[in-house]
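Numbers here are sequence positions counted from 1.
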Amino acid sequence: MFFLLSGAEKKKKAPVRKVENLDKVKELFLTGRFPVTTTTDLDEERRVGKVLGLVVSRGYDSEDAFYDMAARAVNKGAQAIIGYQENVAFHPDGSKFFTCYGTAVQFESARANGALPSLSARA
């Protein structure tokens, strides 16, 4: 009964997990070397060669959730994220909780696209 009269306790925020290569991922993204797109295609020069799977991150800050998701993709060996989406949950206490997710992919090699001639064709 005491609980009902005193009100609900405010939830504490979960501790932030530190990703080891977060600074490297920020640099890759900001310099354009790690594309993140909402579409399922990138461009004609960079085709998806291998799908590594879904990467998801959650947090109270959208930037932290985004870069954590990108870092998880880089840790899987991804060269890009396609199909990126972001959701926001609004809590009654006024806080926001962000969920970022997308599909981690690797590009086809230039040789597989036929852009580079094979060594046997030169002989």
Side-chain angles (χ1 to χ4, degrees):
M1 189 68 169
F2 178 72
F3 176 72
L4 294 174
L5 297 176
S6 65
E9 292 183 31
K10 193 168 187 173
K11 292 182 180 180
K12 294 181 182 178
K13 292 185 178 181
V16 177
R17 292 169 290 159
K18 185 67 176 166
V19 179
E20 59 193 46
N21 60 349
L22 196 59
D23 292 331
K24 175 186 167 189
V25 171
K26 283 184 181 181
E27 180 186 340
L28 286 173
F29 176 74
L30 294 173
T31 58
R33 295 182 288 167
F34 188 81
V36 177
T37 179
T38 58
T39 62
T40 57
D41 297 332
L42 293 166
D43 54 32
E44 291 181 16
E45 294 176 5
R46 297 184 287 190
R47 295 184 185 168
V48 174
K50 185 176 182 182
V51 174
L52 301 174
L54 183 70
V55 284
V56 178
S57 180
R58 296 176 177 92
Y60 288 99
D61 181 71
S62 63
E63 187 174 307
D64 290 343
F66 176 82
Y67 286 121
D68 185 54
M69 174 204 59
R72 290 169 189 260
V74 169
N75 289 341
K76 284 185 166 188
Q79 295 172 315
I81 294 176
I82 61 173
Y84 169 75
Q85 293 188 18
E86 182 173 304
N87 292 328
V88 182
F90 297 93
H91 292 278
D93 66 358
S95 64
K96 299 175 188 172
F97 195 71
F98 297 89
T99 302
C100 299
Y101 58 96
T103 304
V105 297
Q106 289 180 339
F107 302 131
E108 286 183 348
S109 66
R111 186 176 306 279
N113 287 338
L116 297 176
S118 65
L119 295 176
S120 61
R122 292 183 189 175

CG on Asp23 to OH on Tyr67, rounded to 0.5 Å: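 CG of Asp23 is found 11.0 Å from OH of Tyr67.
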Gln106 side-chain N/O to Lys50 backbone N/O, donor-acceptor pair under 3.5 Å: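 Absent.
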All N/O donor-acceptor pairs, side-chain side in residues 82-89, below 3.5 Å, sequence neighbours left out:
residue	atom	partner	partner atom	Å
Tyr84	OH	Glu86	OE1	2.6
Gln85	OE1	Tyr101	OH	2.9

Per-pair distances, 0.1 Å, donor-acceptor, side chain in residues 29-39, under 3.5 Å, sequence neighbours excluded:
residue	atom	partner	partner atom	Å
Thr31	OG1	Glu27	O	2.7
Thr31	OG1	Leu28	O	3.3
Thr31	OG1	Arg33	NE	3.1
Arg33	NH2	Glu27	OE2	3.3
Thr37	OG1	Thr39	N	3.2
Thr37	OG1	Thr39	OG1	2.9
Thr39	OG1	Asp41	O	2.8

For a quick test of reading the model, state the closest non-hydrogen atom pair linking [X] to [Y] and the distance between them.
X	Y	value
Gly102	Ile81	CA-CG2, 3.8 Å
Cys100	Ser62	SG-O, 4.3 Å
Ala71	Asn21	CB-OD1, 3.6 Å

Pair Tyr60 and Phe98, ring centroids less than 6.0 Å apart: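 Tyr60 vs Phe98: aromatic centres not under 6.0 Å.
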Criterion side-chain contact (heavy atoms from CB on, under 4.5 Å) against Arg58, the qualifying member of Thr99, Asp64, Asp68: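 Passing option: Thr99.
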Lys76 atom NZ, over 12 foreign heavy atoms within 6.0 Å: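 It does: Lys76 NZ has more than 12 such atoms within range.
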Cluster link Leu52 to Phe107, ILVMFWY, side chain under 4.5 Å: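 Different hydrophobic clusters.
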